[in-house]
Undergrad: 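Mind having a look at this structure? Questions to follow.
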Amino acid sequence: MSASAEKQPDSSDPAPALDFDVIVIGAGMSGMYQLYRLRELGLRARVFEAGTNVGGTWYWNRYPGARFDSESYSYGFSFSKELLEEWDWSEHFAGQPETLRYLNYVADRFDLRRDIQFNSRVSAAVYDEATSSWTVALADDGRFTARFLVTAIGPLSTPTWPRVEGIDSFAGQSFHTARWPKEPVDFAGRRVAVIGTGATGIQTIQTIASQVGHLTVFQRTANWAAPLHNGKIDAETQAKIKAGYPEMFKRCQETFSCFLHTPDPRGAFEVTDGEREAFYEKLYGERGFGIWQGNFRDVLIDRAANATISDFVARKIRQRVKDQKVADKLIPKNHGFGTRRLPLETFYYEVYNRDNVELVDIKATPIERITPKGIRTTEKEYEFDIIIYATGFDAITGSFDKIDFRGADGVRLKDKWKAGPETYLGLMIHQFPNMMMLMGPHTALGNIPRSIEYSVDWVTGLLRFARDRGLTRLEATEAGVESWTDHVKALGVGLLSNEVDSWMTGINSNVEGKQTRIVARYSGSAPAYRARCDEVAARGYDELRLG
Ligand code: NAP
């Protein structure tokens, strides 16, 4: 590995012609922070990014109403005191435009763009054993070599469209929420369809209902959702937030999933019925993920406990939606509260009290095809000017599947992970030396920026270790991968969320081969995850094959 600017080419270097020390794929939050750290190490790094600018998730997901549902201040980068001091979040849960502005500010402030190549979608990455290096190919043109490869491609970044006939035949405008145009879309007086009622669909629907002529929501599976309770941040609160940053980030390090909220130590039946109801009422009235992440400790693992919160939220939906037939459609029947990733909403349920909004249950009357005029279900044809696909992502492994990763001896990652991902600490893969993953499978996700900062720092520590010792080959062992993968699978046993179809269990009806549940997510606690990774680093990465 060359040590940066000051180092001159050396004829004894086994691979003097490598373009970079490290190639990073993706300029979202992971890639941006990784670049910052690589520069500190004095390494020659290049980030390849498919978009025209930084921001990843917040660059692509420009759909109406896109916003945080973790508290803004708990979501920003924490690595720079100056940055924390300089940036004012305007709302408790900032909207996408503000978040994208923030990430652009970070890119400017740390002069990140000069090492990021935009409009550059990576199509393949191939490891060469002779030179212990990676060759990365871009979809359009260009091949670049580096000793190390870091993937920062995001767990929710490969959008998927329904596998239904006729999508291209529609004569009106159609958009996927994760490929929303940069120009504003005019909804006034338009007949609009939204397919999908996950976190994205819910934010879109509640935002555009009052702007459109008529809105038809096509719901396949009802999702539980709870109020976000957003609000502006006034000057006094701003000052308190800034003064409290050290304390707040410390708390994020201690909680189960790095959110501000962490499970209540009590079980749902260890209190009286009245106390339980009052606790749920309090959580329902509070901002953010408390009702999901700060609920009784057993609601996500015990069916009877879960039924109590599901029943409570179902009653809320019935109170908020006037037409009880519609309310009934909106109440999930096939999974309990919080067993899928909980969408947070702002007057979402009230949308269905509007005269210009209709809910179509496509389990009862499935979509047969998209037509030039609109959407035909088994019941009738609906005519639209705009169709919005809020149909989600080929999650966690999907972005890996899209790049032709080939490791030692030409092994294809897609083949290796056919039955589900196998990783070492969610960071490395056997037979894929010198490749590190940020926010890949089997890593603690939770409040993502907190997890990103940890993973980037771990990878940076490993690269520093390699640089200081002149190591050119770092590889996870087969035993290490087996042990971590088994551990991750064991952690998932007993979780109600692992018994439900969702992106969290690897299900996507729109992708061939993704109809069987897999364990792609680490579901243990973030502190336990970090302790395990720290221990590996403290022992000199002795579980890796180093060369
Ligand atoms: P999602 O949760 O996977 O929801 C996709 C929706 O589309 C589901 O309602 C799904 O129905 C429906 N769908 C998919 N294919 C369909 C088809 N062929 N026909 C009809 N309906 C179809 O995706 P998402 O809403 O984009 O959210 C994904 C994740 O992104 C979230 O869980 C969250 O982690 C993240 N996110 C975060 C924020 C935030 O922080 N503020 C906002 C948005 C998203 P089924 O349920 O029946 O499959």
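As the structure lists them, so they are numbered: ligands from 1, and atoms in each ligand from 1. When a residue number appears, it is its place in the shown sequence, counting from 1.
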Undergrad: Should one rank Val500, Thr200, Ile448 by closest heavy-atom distance to atom 25 (O) of ligand 1, which comes out on top?
TA: Thr200

Undergrad: Can you tell me which portion of Thr177 lies within the under-4.0 Å heavy-atom range of ligand 1? Options are side chain, backbone, both, or neither.
TA: neither

Undergrad: Quick one: salt bridge (Lys or Arg N to Asp or Glu O under 4.0 Å) pairs with a partner in residues 89-105, sequence neighbours left out?
TA: Arg67-Glu91

Undergrad: Closer than 4.0 Å to some heavy atom of Leu156 - which atoms of ligand 1 meet that?
TA: 29 (C), 30 (O), 34 (O), 35 (C)

Undergrad: Should Asn223 be counted as touching ligand 1, given the test is an N or O pair under 3.5 Å?
TA: no

Undergrad: What protein heavy atom sits nearest atom 28 (C) of ligand 1, and how far away is it?
TA: Trp503 NE1, 3.8 Å

Undergrad: Could you list which atoms of ligand 1 come closer than 4.0 Å to a heavy atom of Arg67?
TA: 39 (C), 40 (O), 41 (N)

Undergrad: How far is atom 6 (C) of ligand 1 from its nearest protein heavy atom, and which residue and atom is that?
TA: Ala390 O, 3.4 Å

Undergrad: Find all atoms of ligand 1 within a distance of less than 4.0 Å from any non-hydrogen atom belonging to Ile362, and give their numbers and elements.
TA: 20 (C)

Undergrad: Any idea how Tyr33 and Tyr36 line up, ring-wise: parallel (<30°), tilted (30 to 60°), or perpendicular (>60°)?
TA: parallel

Undergrad: Please work out whether the ring planes of Trp224 and His335 are parallel, tilted or perpendicular, with thresholds of 30° and 60°.
TA: perpendicular

Undergrad: Heavy-atom contacts under 4.0 Å between Thr391 and ligand 1: side chain, backbone, both, or neither?
TA: both

Undergrad: Within the 4.5 Å heavy-atom criterion, are Met32 and Val106 side-chain neighbours or not?
TA: yes

Undergrad: Under 4.0 Å from a heavy atom of Tyr63: which atoms of ligand 1 are those, numbered in the order shown and with their elements?
TA: 42 (C), 43 (C)

Undergrad: Could you check which of His176, Arg220, Gln203, Gln96 puts a non-hydrogen atom nearest to atom 22 (C) of ligand 1?
TA: Arg220

Undergrad: Evaluating non-hydrogen atoms only, which member of Ala66, Ser157, Gly198 is closest to atom 4 (O) of ligand 1?
TA: Gly198

Undergrad: List in chain and number order the residues that pass side-chain contact (heavy atoms from CB on, under 4.5 Å) with Ala390, two or more places apart in sequence or in another chain; answer none if no residue qualifies.
TA: Thr177, Val194, Thr200

Undergrad: Considering non-hydrogen atoms of the protein only, which is the closest contact for atom 23 (O) of ligand 1, and what is the distance?
TA: Gly392 CA, 3.3 Å

Undergrad: By number and element, which atoms of ligand 1 are closer than 4.0 Å to a non-hydrogen atom of Gly196?
TA: 6 (C), 7 (O), 9 (O), 12 (C)

Undergrad: Under 4.0 Å from a heavy atom of Phe68: give me the atoms of ligand 1 that qualify, with their elements.
TA: 41 (N)

Undergrad: Quick one: are the ring centres of Trp60 and Phe393 less than 6.0 Å apart?
TA: no

Undergrad: Taking the six-membered ring for Trp and the single ring otherwise, decide whether the centroids of Trp458 and Tyr529 are under 6.0 Å apart.
TA: no

Undergrad: With a cut-off of 4.0 Å, which atoms of ligand 1 are near a heavy atom of Thr221?
TA: 45 (P), 46 (O), 47 (O)

Undergrad: Against the six-membered ring of Tyr382, is Lys380 placed for a cation-pi contact (under 6.0 Å from the centre, within 45° of the normal)?
TA: yes

Undergrad: Going by atom types only, do Thr216 and Arg191 share a side-chain donor-acceptor pair under 3.5 Å?
TA: no

Undergrad: Specify side chain, backbone, both or neither for Asp501, according to which of its non-hydrogen atoms lie closer than 4.0 Å to ligand 1.
TA: neither

Undergrad: When you measure from atom 38 (C) of ligand 1 to every protein heavy atom, which one gives the shortest distance, and what is it?
TA: Arg341 NH2, 3.9 Å

Undergrad: Using the ring of each side chain (for Trp, its six-membered ring), is Phe259 parallel, tilted or perpendicular to Phe289, with breaks at 30° and 60°?
TA: perpendicular

Undergrad: Quick test: of every protein heavy atom, which one is nearest to atom 9 (O) of ligand 1, and how far off is it to 0.1 Å?
TA: Thr197 N, 2.9 Å

Undergrad: For Val164, which part has a heavy atom under 4.0 Å from ligand 1: side chain, backbone, both, or neither?
TA: neither

Undergrad: Could you tell me which atoms of ligand 1, counted from 1 in the order shown, lie closer than 4.0 angstrom to a heavy atom of Pro162?
TA: 17 (C), 18 (N)

